Amino acid sequence: MSSLNTSLNGKVAVVTGAASGIGKEIARTLAAQGAAVAIADLNLAGAQAVAEEIRAEGGKALGIAMDVTNEDAVNRGIDEVAAQLGSVDILVSNAGIQIVNPIESYSFSDWKKMQAIHVDGAFLTTKAALKHMYQGDRGGIVIYMGSVHSHEASPLKSAYVAAKHALLGLSRVLAKEGAAHNVRSHVVCPGFVRTPLVDKQIPEQAKELGITEQEVIKRVMLGQTVDGVFTTVEDVAQTVLFLCTFPSAALTGQSFIVSHGWCMQ
């Protein structure tokens, strides 16, 4: 096995949900290592702003609008990236939302929305990207943004836990199918990262659990960590970079938990 080379010069990456939070940090990290990065997001203005930041720092980036639940929009977006940047070598399926409620009062419409964004979005973007990765067996890397909830359950998160578990199955099937075309897949599973998505959960969980917001942070989010520290966007982005630059298929089909010990498997 050759030594690890962190350069992504000549590679093209698509990161969904990259206008903010974890996706934005991943996009910036991959661009800093030489990849041309497409920032795909429902928020086109936000995606274009991130792309402009990357270009201002000497990188190559493109902001595109993408609703990952819409097959036509996904296909158009991925094809646009390939046309403008050359192809698609890396897909980071990161777009996601959170809705918390106990099962007995979880609306079916919210359940379907969660599956559509997390699971359907992962499937549709993968299918669109594989058209380019499979061409001539040129290969590629697909990374799904899972969660510690890909392995563990928490109250109030039935739809989220189910969706994040599903990504493990999709990744494992892709690892087996994609191997013949030099495509590898991984699931990165962060713990609680202090993003707007997590900040929104704090008062919601406090209300549902009947505890204070500080207790949600200390007990629910950080209580099982080894150091009482939130996982950072940098922690996650560096893990993605490592997997994008790993030189063989030795790790394909695996999940990588990045949680300061919140979950250990």
Side-chain angles (χ1 to χ4, degrees), residues 1-41 46-64 66 74 77-95 125-126 128-145 171 174-175 178-188 232-254 256 258:
M1 186 175 71
S2 58
S3 60
L4 188 63
N5 178 2
T6 60
S7 173
L8 292 173
N9 289 333
K11 301 296 185 182
V12 176
V14 178
V15 185
T16 67
S20 63
I22 292 173
K24 177 180 178 178
E25 186 64 24
I26 291 170
R28 291 173 60 88
T29 298
L30 299 184
Q33 295 302 319
V37 181
I39 291 87
D41 204 285
Q48 291 174 333
V50 174
E52 180 57 37
E53 288 179 31
I54 290 172
R55 290 194 296 267
E57 294 169 355
K60 188 173 184 179
L62 169 70
I64 62 170
M66 185 180 290
V74 168
I78 295 293
D79 286 347
E80 178 185 346
V81 171
Q84 294 204 34
L85 299 181
S87 191
V88 177
D89 302 291
I90 297 164
L91 169 66
V92 182
S93 176
N94 168 76
T125 52
T126 298
L130 290 183
K131 180 176 73 173
H132 302 281
M133 294 179 179
Y134 279 8
Q135 192 170 29
D137 294 339
R138 69 192 307 276
I141 308 288
V142 178
I143 296 177
Y144 301 103
M145 195 53 57
S171 176
L174 177 58
H181 306 283
N182 301 308
V183 171
R184 309 199 296 264
S185 69
H186 311 286
V187 185
V188 173
T232 67
V233 292
E234 292 83 7
D235 291 334
V236 180
Q238 288 299 316
T239 304
V240 169
L241 175 62
F242 168 76
L243 294 171
C244 286
T245 54
F246 195 79
S248 81
L251 302 179
T252 195
Q254 302 299 313
F256 298 83
V258 188

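These numbers come from a predicted model, not from an experiment.
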### Message
Treating T16 as the side-chain partner and A95 as the backbone partner, does any N or O pair qualify as donor plus acceptor under 3.5 Å?
### Response
yes
### Backbone of A249 reached by a side-chain donor or acceptor of T252 within 3.5 Å
no
### Query
Can you tell if the side chain of V12 reaches within under 4.5 Å of the side chain of V81, non-hydrogen atoms only?
yes
### Query
Does some side-chain heavy atom of I22 sit less than 4.5 Å from a side-chain heavy atom of E25?
no
### Task
Find out whether K60 and L85 are in side-chain contact, i.e. whether some heavy atom of one side chain is under 4.5 Å from a heavy atom of the other.
yes
### Query
Given side chains that start at C-beta, do those of S93 and T126 come closer than 4.5 Å, heavy atoms only?
no
### Message
Quick check: do Y144 and T125 have side-chain heavy atoms less than 4.5 Å from each other?
### Response
no
### Query
Is it the case that D89 and H132 place a side-chain donor and acceptor less than 3.5 Å from each other?
no
### Query
Going by heavy atoms in the side chains, are V142 and H186 under 4.5 Å from each other?
no
### Query
Rounded to the nearest 0.5 Å, what separation is found between the CZ atom of R184 and the OG atom of S248?
6.0 Å
### Query
Under 4.5 Å between any side-chain heavy atoms of L130 and L174, yes or no?
yes
### Task
Would you kindly say whether E52 and Q48 are connected by a side-chain donor-acceptor distance under 3.5 Å?
no
### Message
Any non-hydrogen side-chain atom of I141 less than 4.5 Å from a side-chain atom of F246?
### Response
no
### Message
For Q135, I'd like to know if atom CD has over 12 heavy atoms of other residues, nucleotides or ligands within 6.0 Å.
### Response
no
